[in-house]
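Accompanying notes for the structure given below.
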Number of protein chains: 2
Amino acid sequence: MPNDDDLFEKLRIELRRGSLILAVLGALRVERYGYTLRASLEEAGLPIEEGALYPLLRRLEAQGLLTSEWREEGKRNKRFYRLSADGTRVLGQLLEEWNSISDSILRLTERKQ
Amino acid sequence: MPNDDDLFEKLRIELRRGSLILAVLGALRVERYGYTLRASLEEAGLPIEEGALYPLLRRLEAQGLLTSEWREEGKRNKRFYRLSADGTRVLGQLLEEWNSISDSILRLTERKQ
DNA sequence: GAATTGTACTGTGTGACATACACTATGCGG
DNA sequence: CCGCATAGTGTATGTCACACAGTACAATTC
């Protein structure tokens, strides 16, 4: 039986969903591996579950937006991800779209029409 | 076989998803019926299909965020929707969350870290 | 050697939109 | 009056993506 907090939490999660791709692409302009990427996102205020992050990374790689490399560092093997050229271009487009959506939201919520 | 444009379109749609609730709640601070609501959203830059809008409205009503009333106007029966008190409160919370997400996106995309 | 942290990944379920479709009513040109 | 555009409200289904709850193993700390 969901109470008000559960409801808000549900909506909050839904609101965050679309921004995850943008956040991941943005963070991967600098090379990172999964664990630190996740930490960066959490620090920036967008925590993401591993179960959501890794499939997302694989999808973005399959779509050619990022590349990954399995490499040893500090005695451990880690998979390093980095934005591709296509990814950089798409990130730019998505940011424009994001700004446009932001404007729409402002138009719809800041004025009574 | 998806080309670059299809890919971007897919991501664009995904990016927009979460903002729909916010847009609908924002637009319904003023009473509207489905058709004009849809027109308002499109005008604001967030077009939404009927098949997405009506189920969304029903869900939001089931969650108590808005109320609806079946009423005649201009010789036609129309279902009018309006934000409830709970809806107003949740809209405020979601807007805060939206701003917080926006800040996170900016942090992640405008600076190289 | 136990616990904690670092690191990567899988499987299943749920939920929500996109897409396409269905239906009725009004107004209008010819 | 007869199409046809527009106004208006819905339903059904498929796809897709995340949340959640696990699995697995290495390094470090105590």
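Labels below follow one simple rule: chain letters A, B, ... track the order of the sequence lines, proteins then strands, and each chain is numbered from 1. Since the model is a prediction, treat every value here as computed from it, not as a measurement.
Candidate nucleotides C/dA18, C/dT7, D/dA19 were compared by shortest atom distance to the side chain of A/Lys78, and C/dT7 ranks first. Listed nucleotides D/dA19, C/dG6, D/dT9 differ in distance to A/Glu49; the shortest reach to its side chain belongs to D/dA19. Candidate nucleotides D/dG8, D/dG10, C/dA8 were compared by shortest atom distance to the side chain of B/Trp70, and D/dG10 ranks first.
Comparing A/Gly51 and A/Glu73 by the nucleotide of DNA chain C whose heavy atom lies nearest to each, the residue mapping closer to the 5' end is A/Glu73. Toward the 5′ end of DNA chain C lies the nearest nucleotide of A/Tyr81, the other residue of the pair A/Tyr81 and A/Lys10 mapping further downstream. The residue among A/Arg16 and B/Tyr54 whose nearest nucleotide of DNA chain D is located toward the 5' end is B/Tyr54.
Taking 4.0 angstrom as the limit, A/Arg58 places a side-chain polar atom (N or O) nearer than this to OP1 or OP2 of C/dT10. Considering only side-chain N and O atoms, A/Arg79 lies under 4.0 angstrom from the phosphate OP1 or OP2 of C/dC9. Residue A/Tyr33 places none of its side-chain N or O atoms closer than 4.0 Å to OP1 or OP2 of C/dA8. Dashed line: the shortest gap from a side-chain N or O of A/Lys75 to OP1 or OP2 of D/dA27 is not under 4.0 Å.
In this structure, CG of A/Leu53 is placed 15 Å from P of D/dC20, rounded to the nearest angstrom. Here D/dT9 presents its C1' atom at 14 Å from CD1 of B/Ile48, a figure rounded to the nearest Å. The nearest whole Å value for the distance from the CD atom in B/Gln63 to the P atom in C/dA16 is 7 Å. Rounded to whole Å, the distance from CG on B/Leu60 to C1' on C/dC17 is 13 Å. Counting to the nearest Å, the P atom of D/dT15 and the CD atom of B/Glu9 are 19 Å from each other. In this entry the distance linking CG of B/Leu57 with P of C/dC17 reads 10 Å, nearest Å. Taking atom CZ on B/Arg38 and atom P on D/dT9, their separation rounds to 11 Å, with Å as the unit. For A/Glu14 and D/dA19, the CD to P distance is 11 Å, given to the nearest whole Å.
Applying the side chain to side chain donor-acceptor pair (under 3.5 Å) rule to pairs touching residues 44-55 of chain A yields A/Arg38-A/Glu50, sequence neighbours excluded.
Salt bridge annotation for B/Arg17-B/Glu14: absent, with no cationic side-chain nitrogen under 4.0 angstrom from a carboxylate oxygen.
Within the cation-pi definition used here (under 6.0 Å to the ring centroid, within 45° of the axis), B/Arg71 qualifies as a partner of B/Phe80.
A/Arg76 contributes a side-chain N or O that forms a donor-acceptor pair with the base of C/dG6 under 3.5 Å.
Checked by atom type and distance alone, the side chain of A/Ser100 never pairs as donor or acceptor with a backbone atom of A/Glu96 at under 3.5 Å.
Heavy atoms of other residues, nucleotides or ligands lying less than 6.0 angstrom from CZ of B/Arg82 number 12 at most.
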